[in-house]
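In this chain, residues are counted from 1 in sequence order. Keep in mind the model is a prediction, meaning the values are calculated, not measured.
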Amino acid sequence: MKAITSKFSNILNTSPDNGRVNHEPDSSKEQQRNTPQKSMPFSDQIGNYQRNRGIPRQSYKDSKIYIIGSGIAGMATAYYFIRDGQVPAKNITFLEQLHIDGGSLDGAGNAKEGYIIRGGREMDMTYENLWDIFQDIPALEMPAPYTVLDEYRLVNDNDSNYSKARLIHQQGEIKDFSKFGLNKKDQMAIIKLLLKKKEELDDLTIEDYFSESFLSSDFWTYWRTMFAFENWHSLLELKLYMHRFLHAIDGLHDFSSLVFPKYNQYDTFVTPLRNFLKDKGVNIQFNTLINDLDIHINTEGKVVEGIITEQNGKEVKIPVGKDDYVIVTTGSMTEDTFYGDNKKAPVIIVDNSTSGKSGGWKLWKNLAAKSAVFGKPEKFCSNIEKSAWESVTLTCRPSALVEKLKQYCVNDPYSGKTATGGIVTITDSNWLMSFTCNRQPHFPEQPDDILVLWVYALFMDKEGNHIKKVMPECTGDEILAELCYHMGIVDQLDDVVKHTIVRTAFMPYITSMFMPRAKGDRPKVVPEGCSNLGLIGQFVETNNDVVFTMESSVRTARIAVYQLLNLNKQVPDINPLQYDIRHLLKAAKTLNDNKPFLGEGILRSVLKGTYFEHILPAGPDGEEEHESFIMEQVNKFKDWMKGLKDH
């Protein structure tokens, strides 16, 4: 570092801030004031000023980096070690349990055997950390110097996303989805939840707080099916989601706030990022199970000294030096996935008595047994009935199903443009089933006459309306029959089955990160006392970000690198749109189904004809105000404003 910054030593040697960066500032606790002591950006200040290069405090040419897990969090960690830590890429090794990279961001198969995607990506433009990476990663299909972000923008800037059939019922009829249907009491409950401090919500569930009228509203149908929330999930996580996506609430019902990739999640993100890392020289070691870490713990701290692996059925210990670093992906939402096909239901061989014992959870459990700072994995992996659901991938040749699908698409599904625009939810489905057709082809080599659809359901314990079984007990053909029943084409089922390959995936832990939690249940990214160990992924604590997004995985990776290497860079808190008065006013009106909110008429009267008039949500003038005293004060304020204009 001294050689790099030698011309600045007179400043750095006298600076009280040098080497004391808060790498994870918290916007929910910061009063944003400019003072003589303030030198760094505000906690959620985003933009190019945060794009400064990291300056390592020492050389890492002899340091080895071991990253356990090659999902998006692990790959992002490698990227930031290289870009901001200036660690030689050849020093970085992924230790991956599976035979393929990508973690939960999967996408595989072919037209003959059927494609499979266990999930998809509903994306947001405010994923600052994700776009920070992918604005630098070479594009999948465009030539240099274009990037993944350039491709993403090219697609979404020219093909806006929206739905014309967000809800259907009564065997295929499109249901009105223009309103939230929240009464005043439930609207107020949302506002009160936003006002509550996070510390008040430990271990509370959504149904602990909200009324039955809220839980039966269209708002909750949109929300729970879009984000995969259940009534028994964490109220704290729901609050964080509401803050994180407050700016998008007016696009909740029709998905107009979303952006989607051209292809599936694996080909869009994993493939180009992996290629970039491998070209740099990063090593990926597959079929390597990590059982435990050898950690030396004393009063001075916690230092990883070895990685205990299982390779080819034998225990192999990898030594870790004092200048090496270990990064662990804690837990796994797709661990122990059980698969089925047209003729076979998934054979589920895990229950609450055996849950959390496989590789994706075992390492975290072993860490937690060493110290409380590593959290409580059992809070997330011990109740499969409340964390599981099943997804289905349909590989479709032309059939009655495809023809019916066209009625729900904003463009011809074969056009390459937005199709359903997001999930179509069947509101009278006992399983609460939803399906979607993203832009096609969904895989780069997918034949022109093939469509790939994705289906999932939230209720695993209820019999179907047509097939009198719970979903996990059904074969692919039976799930297809249930779908066709709800689409009103069950009389053409034989044609659909003949032309559709079904691959199913039952995931016991897919929403485990939504389970109710309290402070300390999730470890910090760099747990207290750790000098060469970082934890990343969906089961670690961040200040204000949410789970179940690529953005949060990348955030944890960035924090891990910056803190462990003590870089001169911050990871900005989530995009500050939740504090923007325009989005707060818009949200108030949207929650009220675009009817005027209390006081809107006064605001319109005050702001009419001023520079700030545009901050009010679109729509007719607000409600008539009948309180003469209030209007008298408004008129006085308007006269005062007029006086200011005249001067």
Side-chain angles (χ1 to χ4, degrees), residues 100 102 104-121 260-268 270-271 334 337-346 389-409 411-424 426 431 433-457 467 471-472 474-487 489-490 492-507 510:
I100 190 172
S104 297
L105 292 183
D106 60 353
N110 54 61
K112 182 178 180 181
E113 298 170 332
Y115 294 98
I116 187 162
I117 39 174
R118 287 180 292 186
R121 300 270 68 81
F260 284 93
K262 179 181 178 183
Y263 296 126
N264 65 83
Q265 55 195 3
Y266 186 86
D267 287 303
T268 299
V270 174
T271 297
T334 50
T337 298
F338 300 98
Y339 297 98
D341 55 31
N342 286 72
K343 305 302 180 184
K344 183 180 68 177
W389 44 255
E390 185 171 359
S391 75
V392 184
T393 310
L394 307 180
T395 302
C396 306
R397 296 191 182 278
S399 71
L401 175 62
V402 171
E403 290 305 307
K404 185 68 175 183
L405 173 73
K406 291 178 180 179
Q407 298 179 21
Y408 306 132
C409 293
N411 296 294
D412 187 309
Y414 294 104
S415 68
K417 302 181 70 174
T418 295
T420 59
I423 57 171
V424 178
I426 305 164
W431 296 344
M433 179 188 281
S434 300
F435 62 92
T436 184
C437 179
N438 291 318
R439 292 185 180 100
Q440 303 291 317
H442 203 47
F443 290 80
E445 304 303 322
Q446 183 179 318
D448 292 342
D449 64 336
I450 295 290
L451 296 180
V452 176
L453 278 60
W454 185 77
V455 182
Y456 98 110
I467 301 296
M471 188 179 182
C474 291
T475 66
D477 284 348
E478 288 172 330
I479 293 172
L480 201 54
E482 184 76 9
L483 177 62
C484 287
Y485 168 80
H486 285 294
M487 295 176 74
I489 55 171
V490 73
Q492 302 177 74
L493 179 61
D494 290 345
D495 172 65
V496 175
V497 169
K498 180 180 178 182
H499 295 95
T500 308
I501 301 172
V502 185
R503 297 182 66 177
T504 61
F506 178 84
M507 295 167 282
I510 189 60

Residue pair V452, C396: steps toward the side-chain contact (heavy atoms from CB on, under 4.5 Å) verdict
CA-CA 6 Å; V452 176; C396 306; over 6 Å; no
T268 and R121, any side-chain heavy atoms less than 4.5 Å apart
no
Looking at every heavy atom in both Y263 and P441, which two are closest together, and how far apart are they?
CD2-O, 3.3 Å
Flag the pair Y485 / L493 as yes when at least one side-chain heavy-atom distance between them is below 4.5 Å, and no otherwise.
no
If only atom types and distance count, is the side chain of T500 paired as donor or acceptor with the main-chain N or O of V496 below 3.5 Å?
yes
Euclidean distance, L401 CG relative to K406 NZ, rounded to 0.5 Å:
11.5 Å
Could you measure the distance from the NZ atom of K404 to the OG atom of S399? Nearest 0.5 Å is fine.
13.0 Å
Check whether any side-chain heavy atom of H486 sits under 4.5 Å from a side-chain heavy atom of W431, and report yes or no.
no
In this structure, OG of S104 is separated from CE of M507 (nearest 0.5 Å) by 9.0 Å
A side-chain contact here means heavy atoms from C-beta on lying under 4.5 Å apart; do L394 and I501 qualify?
no
Quick one: does any side-chain atom of E113 pair with a main-chain N or O of A111 as donor and acceptor, under 3.5 Å?
no
Using the salt bridge (Lys or Arg N to Asp or Glu O under 4.0 Å) criterion, which residues pair with K344? Sequence neighbours excluded.
none
Under 3.5 Å, side chain of E482 to main-chain N/O of I467, donor-acceptor pair present?
yes
Here the pair of heavy atoms bringing G114 nearest to T395 is CA-OG1, 3.4 Å
The reported gap from CG in L480 to SG in C474 (rounded to nearest 0.5 angstrom) is 11.5 Å
Search all heavy atoms of A419 against all heavy atoms of C437 and return the closest pair with its distance.
CB-O, 3.1 Å
In chain order, what residues pass the salt bridge (Lys or Arg N to Asp or Glu O under 4.0 Å) check against K343, with sequence neighbours excluded?
D477
May I ask you to decide if G421's main-chain N or O and R439's side chain share a donor-acceptor pair within less than 3.5 Å?
no
For F338, enumerate each residue passing the ring-ring contact (aromatic ring centres under 6.0 Å, His included) test, keeping only those at least two apart in sequence or located in another chain.
none
When you compare the side chains of T337 and R118, does any donor N or O come within less than 3.5 Å of an acceptor on the partner?
yes
For a 4.5 angstrom cut-off between non-hydrogen side-chain atoms, does L451 reach Y414?
yes
Sub-4.5 Å side-chain heavy-atom contact between D106 and Q265
yes
Keeping the roles fixed (side chain from N264, backbone from H442), state whether a donor-acceptor pair exists under 3.5 Å.
yes
Taking T420 for the side chain and Y408 for the main chain, is one N or O donor matched with an acceptor at less than 3.5 Å?
no
Main-chain N/O of T504 paired to E390 side chain as donor or acceptor, under 3.5 Å
no
Give a yes-or-no answer on whether the side chains of Q492 and D495 include a donor-acceptor pair shorter than 3.5 Å.
no
List in chain and number order the residues that pass salt bridge (Lys or Arg N to Asp or Glu O under 4.0 Å) with R503, two or more places apart in sequence or in another chain; answer none if no residue qualifies.
none
Kindly give the heavy-atom pair with the smallest separation between N342 and V502, and that separation in Å.
OD1-N, 2.7 Å
Would you say S434 and I426 make side-chain contact, with heavy atoms under 4.5 Å?
no
What are the two closest heavy atoms between T436 and G422, and how far apart are they?
OG1-O, 3.1 Å
To the nearest 0.5 Å, what is the distance between CE (M433) and CD1 (I423)?
12.5 Å
Check whether any side-chain N or O of T475 sits under 3.5 Å from a backbone N or O of E478 as a donor-acceptor pair, and report yes or no.
yes
Partner set under ring-ring contact (aromatic ring centres under 6.0 Å, His included) for Y115, not counting sequence neighbours
F443
For M471 and V392, run side-chain contact (heavy atoms from CB on, under 4.5 Å): C-alpha distance rounded to whole Å, both residues' side-chain angles, the deciding distance at 0.1 Å, then the answer.
CA-CA 11 Å; M471 188 179 182; V392 184; 3.7 Å; yes
Are any non-hydrogen side-chain atoms of T271 and Y266 less than 4.5 angstrom apart?
yes
Smallest heavy-atom separation, A345 atom then P472 atom, equals CB-O, 3.9 Å
Is a donor on one side and an acceptor on the other found under 3.5 Å between the side chain of T393 and the backbone of W454?
no
Run the salt bridge (Lys or Arg N to Asp or Glu O under 4.0 Å) test against D412 and tell me which residues pass, sequence neighbours left out.
none
